[in-house]
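Below: one structure, written as structure tokens.
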2 protein chains.
Amino acid sequence: MLKTALVFIATLVVVGTLFAAELPTAPNGITLYPEYMDWKVIAPSYREDKGHIRIITGNAAAVTAMRAGIKPLPDGSVLAKAAWKAEKNPSFPVATEPGQFVQVEFMVKDAKKYKNTGGWGFARFLGNDLQPYGKDESFVLECFGCHTPVANNDYLFTKIVKTP
Amino acid sequence: MLKTALVFIATLVVVGTLFAAELPTAPNGITLYPEYMDWKVIAPSYREDKGHIRIITGNAAAVTAMRAGIKPLPDGSVLAKAAWKAEKNPSFPVATEPGQFVQVEFMVKDAKKYKNTGGWGFARFLGNDLQPYGKDESFVLECFGCHTPVANNDYLFTKIVKTP
């Protein structure tokens, strides 16, 4: 019985390690959060210039704080922005909907660890093979540069949707 | 102690009843599902003709089935489609994001109860006062008419987004 339990635990550890090892990791050490499509919605977004339609989701820490109007978001908050090619629905062309997956991006809040980039760590994973974006850690300067105009909104472009 | 417990339970019943009584109800008896923003995402959508940006979410029964590719969806599946006015982000005008809340619509699967409308019950609640749409039960013919072209997709325009 004990032996069976130990084998079971050992299997769990091996499987867990393999799973973690397979997750893509950005050059700054941020690993893809595989559960991002199970997080709650912050907002949809449509990028006319890129022809992308997107969803921004957030983990529990982020969504709870955003719904309460807390800003800046607390450490541990993670936002995900997933993008798909925008395509017209073949049965209803006035509706634009997601086609092929393009990328998923993350913003991870840790005021101390990421103090040089507004308290946010950035990561982007491209295409169906979730290729990490950036050759080295300096890629975050591009992310941070783009987000600087919204420094007064905790570096976030997106606000959480309002419902009655 | 028993008296305190009974008062507590009675209070819960009263509060629960009041809360239920306050939920708007469509002419066909479908009541707004207040937790729809806590459901998982099925897809974003952009309606160019109406200037709306939308999110479709689904309850656990719906999302589990859609992720598994099950069609038609099982009884108990509920989809919500929430719409906001599409507005350009003032800090980044190539991004279109949600502004004012417009409406939320529901599709409720019960193959037997709603057998005349493809197994789906429909409801729409308008504006910040969530005014039920439709003067009487016949409003569903309008909903069903519009969804008929996608009868071969279980009357759903939207497919669940794919991620790697």
Side-chain angles (χ1 to χ4, degrees), chain A residues 24 32 34 36-50 52-57 63 67 80 82-84 86 88-101 103-104 125-130 146-153 156-164, chain B residues 24 32 34 36-50 52-57 63 67 80 82-84 86 88-101 103-104 125-130 146-153 156-164:
Chain A
L32 184 132
Y36 70 91
M37 282 302 293
D38 290 337
W39 293 348
K40 290 175 186 170
V41 180
I42 293 170
S45 164
Y46 175 60
R47 276 290 292 271
E48 202 179 348
D49 57 334
K50 292 189 182 285
H52 289 175
I53 191 160
R54 300 176 170 190
I55 291 171
I56 297 99
T57 62
V63 170
R67 286 183 180 177
W84 294 265
K88 292 185 187 301
N89 185 308
S91 307
F92 198 57
V94 290
T96 296
E97 294 184 338
Q100 196 184 327
F101 178 80
Q103 63 183 25
V104 59
F125 303 95
L126 294 166
N128 278 319
D129 56 354
L130 296 164
C146 187
H147 281 257
T148 299
V150 282
N152 65 358
N153 191 44
L156 301 175
F157 285 103
T158 307
K159 294 176 179 69
I160 195 161
V161 288
K162 286 184 185 146
T163 53
Chain B
L32 185 132
Y36 70 91
M37 283 302 293
D38 290 339
W39 293 348
K40 289 176 187 169
V41 179
I42 293 170
S45 164
Y46 175 60
R47 276 289 292 270
E48 202 179 348
D49 56 334
K50 292 188 182 285
H52 289 174
I53 191 161
R54 300 177 171 188
I55 291 171
I56 297 99
T57 62
V63 171
R67 286 183 180 177
W84 294 266
K88 291 183 187 302
N89 185 307
S91 306
F92 199 56
V94 290
T96 297
E97 293 184 338
Q100 196 184 326
F101 177 82
Q103 64 184 24
V104 59
F125 303 95
L126 295 165
N128 278 320
D129 56 353
L130 296 166
C146 186
H147 281 257
T148 298
V150 282
N152 65 357
N153 191 44
L156 301 175
F157 285 103
T158 307
K159 292 176 179 68
I160 196 160
V161 287
K162 285 184 186 147
T163 54

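Chain letters run A, B, ... following the sequence lines, proteins first, then strands; residues in each count from 1.
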inquiry  = What part of A/K88 gets within 4.5 angstrom of chain B, counting heavy atoms only: side chain, backbone, both, or neither?
reply    =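 The answer is the side chain of A/K88.
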
request  = Identify which part of A/D38 has an atom lying under 4.5 Å from any heavy atom of chain B, answering side chain, backbone, both or neither.
outcome  =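 Contact with chain B is through both the backbone and side chain of A/D38.
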
key: Contact winner vs chain B - A/V150, A/N153, A/T57, A/L130, heavy-atom pairs under 4.5 Å   =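 Top option by heavy-atom pairs under 4.5 Å: A/L130.
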
ask   = Should the pair A/Y46 and B/Y46 be assigned to parallel (<30°), tilted (30 to 60°) or perpendicular (>60°) ring geometry?
value =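 Correct class here is parallel.
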
Atom group of [X] that falls short of 4.5 Å from chain A, counting heavy atoms:
X: B/Y36; result: side chain
X: B/D49; result: both
X: B/V41; result: both
X: B/A82; result: neither

message = Which one wins on heavy-atom pair count under 4.5 Å against chain A: B/I55, B/V94, B/V63?
response =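 With the most close heavy-atom pairs to chain A, the winner is B/V94.
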
Among the listed options B/R67, B/H52, B/K50, B/R54, the residue most often paired with chain A at heavy-atom distances under 4.5 Å =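 The residue among B/R67, B/H52, B/K50, B/R54 with the greatest pair count is B/R67.
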
query = When you measure from the side chain of B/W84 to the backbone N and O of A/T163, does any donor-acceptor pair fall under 3.5 Å?
reply =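 Not confirmed, B/W84 side chain does not pair with A/T163 backbone.
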
task = Indicate yes or no: does B/K159 engage A/E97 in a salt bridge with an N to O separation below 4.0 Å.
result =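 No salt bridge links B/K159 with A/E97.
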
key: Exercise: identify the closest heavy-atom pair between B/P44 and A/P44   =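 Nearest pair, atom of B/P44 first, then A/P44: CB-CB, 4.1 Å.
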
query = Quick one: are B/F92 and A/P149 in side-chain contact, heavy atoms under 4.5 Å?
reply =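 No, side chains not in contact.
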
